[in-house]
2 protein chains.
Amino acid sequence: MHTLAEENYLKALFSLENEHGEVNVNELSKRLGIKMPTVTSMMKKLAANKLVHYESYKPLKLSEKGRKEAALIIRKHRLAEMYLVEKMGFGWEQVHDIAEQIEHIQSAPFFAKMDELLGYPKIDPHGSPIPDKHGKMMWRGYNKLSDCKENETVTIIAVLNTSDDFLKFLNSKQIRLGLVVKVKSAEPFDGSMLLSYEKHPKETLSHLVCERLLVEKT
Amino acid sequence: MHTLAEENYLKALFSLENEHGEVNVNELSKRLGIKMPTVTSMMKKLAANKLVHYESYKPLKLSEKGRKEAALIIRKHRLAEMYLVEKMGFGWEQVHDIAEQIEHIQSAPFFAKMDELLGYPKIDPHGSPIPDKHGKMMWRGYNKLSDCKENETVTIIAVLNTSDDFLKFLNSKQIRLGLVVKVKSAEPFDGSMLLSYEKHPKETLSHLVCERLLVEKT
DNA sequence: GTATAATGTTAGATGAATCTAACAAAAAAA
DNA sequence: TTTTTTTGTTAGATTCATCTAACATTATAC
């Protein structure tokens with residue numbers, strides 16, 4: 001169907017659009033680690049296949065078709081991550097790179113079976129929603145921990161970075177999905193927060209970390 | 001490490017060498033569905049990487065290094081097939097194409113985990129041996145059913161073709177690994193055989209089929 | 001509102017894996 | 001042993017995804 005390269009561009013475009021609406025060539029180039037001229041020519045190719053709307057010097061935009069294709073690849077990625085964690089016993093910090101490869105497998109029965117064995121999960125091990133078979137994806141109402149006020153008590157429902165380093169750091173602090181934390185104070189100067197949870201009555205997390213933790217009011 | 005294309009050449013060379021010793025460019029070309037000139041140039045590339053011994057107009061031969069690499073890819077393929085059948089509930093006729101894709105995944109932990117969850121299997125769902133981590137592969141002492149004599153009773157221990165069509169045909173005759181069959185007669189003219197097993201007192205199989213069933217004396 | 005910086009495009013090259021057409025060698029047949 | 005067939009190689013083209021260098025446009029800063 002699509003080449004590996006095309007799939008990677010679609011996925012990156014989808015993520016960037018979700019993160020901050022408009023996407024430009026430079027951003028996409030940086031995200032993929034591919035030089036801008038290469039990105040431009042791939043955009044023309046994807047536009048010829050009606051997967052993106054492309055006009056010179058204008059922001060990039062996935063077409064409906066492109067968005068659906070992208071969501072279906074992300075569906076495969078997230079199902080794979082969930083399978084690796086739930087059925088094979090991997091930690092949430094180990095699964096990204098493996099899923100990155102599994103997501104390109106072309107076999108509807110393979111992913112249908114994974115979905116079935118997992119009991120049709122709605123979220124992956126990092127709390128991100130798994131798009132459905134039609135490419136529809138729903139985010140829960142969420143906030144960043146960094147936007148919470150003092151004395152709020154919230155539940156961590158997702159993490160916005162699936163890199164091995166970040167997740168290992170969370171592991172070392174016993175931070176996981178479902179954890180209930182109380183904001184004891186938020187430092188206006190550097191955005192760091194003092195939190196209290198379980199056996200950690202006084203744990204300070206940097207702004208960079210708090211920004212990547214999505215929470216729900218408890 | 002290696003490209004997808006290189007891996008496919010190595011695997012095909014390995015299989016052809018196991019099937020009938022010497023391999024030539026024409027055979028490899030047909031096996032892969034790739035034209036001869038392309039095969040020649042890839043042989044030069046693999047030779048430059050010390051994976052095959054190549055000399056113009058001479059038979060092709062894997063080097064020790066090449067044979068090991070190939071065996072490790074086949075190991076991944078067969079572990080994947082076993083996993084798909086044993087842990088995911090696929091039929092033996094459904095797994096070839098999926099495993100063909102999984103075998104190219106680069107992740108030692110992924111295959112180590114599969115191996116562990118399967119209890120370190122020695123054969124795949126079609127009875128073929130799974131090479132060990134060092135690329136060593138052992139075939140059991142076997143014979144083709146087509147070489148058996150009248151009145152012999154044998155156990156089917158492997159099938160030499162993993163195509164969906166062939167395996168569906170075997171399913172329709174209730175033929176599977178471990179089945180004990182008695183040769184009632186062998187037709188010298190066309191090599192077909194009359195067999196008796198379980199609820200099939202008189203089942204005739206063509207030479208083409210009998211040749212692809214490996215058996216062990218019971 | 002011009003100068004500078006950032007972003008984006010065009011043109012042309014490269015390497016991988018493929019092809020076809022033409023030629024060469026080896027094997028088989030006559 | 002000469003001819004024919006099969007097999008293998010060389011040369012050169014094509015497509016894909018990438019690059020660098022040069023140029024163009026848009027946005028930012030002074």
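Sequence lines set the chain letters: A, B, ... in the order given, protein chains first and strands last, and positions in each chain run from 1. These figures come from a predicted structure and were not determined experimentally.
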Would you kindly give the [atom1]-to-[atom2] distance between [X] and [N], to the nearest whole Å?
{"X": "B:M43", "N": "C:dA17", "atom1": "CE", "atom2": "C1'", "value": "12 Å"}
{"X": "B:L4", "N": "C:dA16", "atom1": "CG", "atom2": "C1'", "value": "12 Å"}
{"X": "B:N24", "N": "D:dG8", "atom1": "CG", "atom2": "P", "value": "4 Å"}
{"X": "A:K30", "N": "C:dA6", "atom1": "NZ", "atom2": "C1'", "value": "9 Å"}
{"X": "B:L32", "N": "D:dG8", "atom1": "CG", "atom2": "P", "value": "14 Å"}
{"X": "B:L28", "N": "D:dT7", "atom1": "CG", "atom2": "P", "value": "14 Å"}
{"X": "B:I34", "N": "C:dA16", "atom1": "CD1", "atom2": "C1'", "value": "12 Å"}
{"X": "A:N26", "N": "C:dA6", "atom1": "CG", "atom2": "P", "value": "11 Å"}

I want to check one thing: is the phosphate of [N], taken as OP1 and OP2, less than 4.0 Å away from some side-chain N or O of [X]?
{"X": "B:Y9", "N": "C:dA16", "result": "no"}
{"X": "B:Y57", "N": "D:dT10", "result": "no"}
{"X": "A:K35", "N": "D:dA17", "result": "no"}
{"X": "B:Y54", "N": "D:dG8", "result": "no"}
{"X": "A:S56", "N": "C:dG8", "result": "no"}

Run the salt-bridge test on [X] and [Y] with the 4.0 Å N-O cut-off and return the result as yes or no.
{"X": "A:E103", "Y": "A:K11", "result": "yes"}
{"X": "A:D132", "Y": "A:K122", "result": "no"}
{"X": "B:K30", "Y": "B:E27", "result": "no"}

Classify [X] by what it touches in the nucleic acid, base, sugar-phosphate, or nothing, heavy-atom distance under 4.0 Å.
{"X": "A:T3", "value": "sugar-phosphate"}
{"X": "B:K58", "value": "nothing"}
{"X": "B:T38", "value": "base"}

Taking the six-membered ring of A:Y54 as reference, does the cationic atom of A:K44 (NZ for Lys, CZ for Arg) lie under 6.0 Å from its centre and within 45° of its axis? no
Can you confirm whether the side chains of A:H126 and A:T162 place a donor and an acceptor under 3.5 Å from each other? no
B:P37 or B:K45: which one's nearest nucleotide on DNA chain C is closer to the 5' end? B:K45
With the side chain of A:M36 defined as its heavy atoms from C-beta on, choose the nearest nucleotide among D:dT10, C:dG8, D:dT18. C:dG8
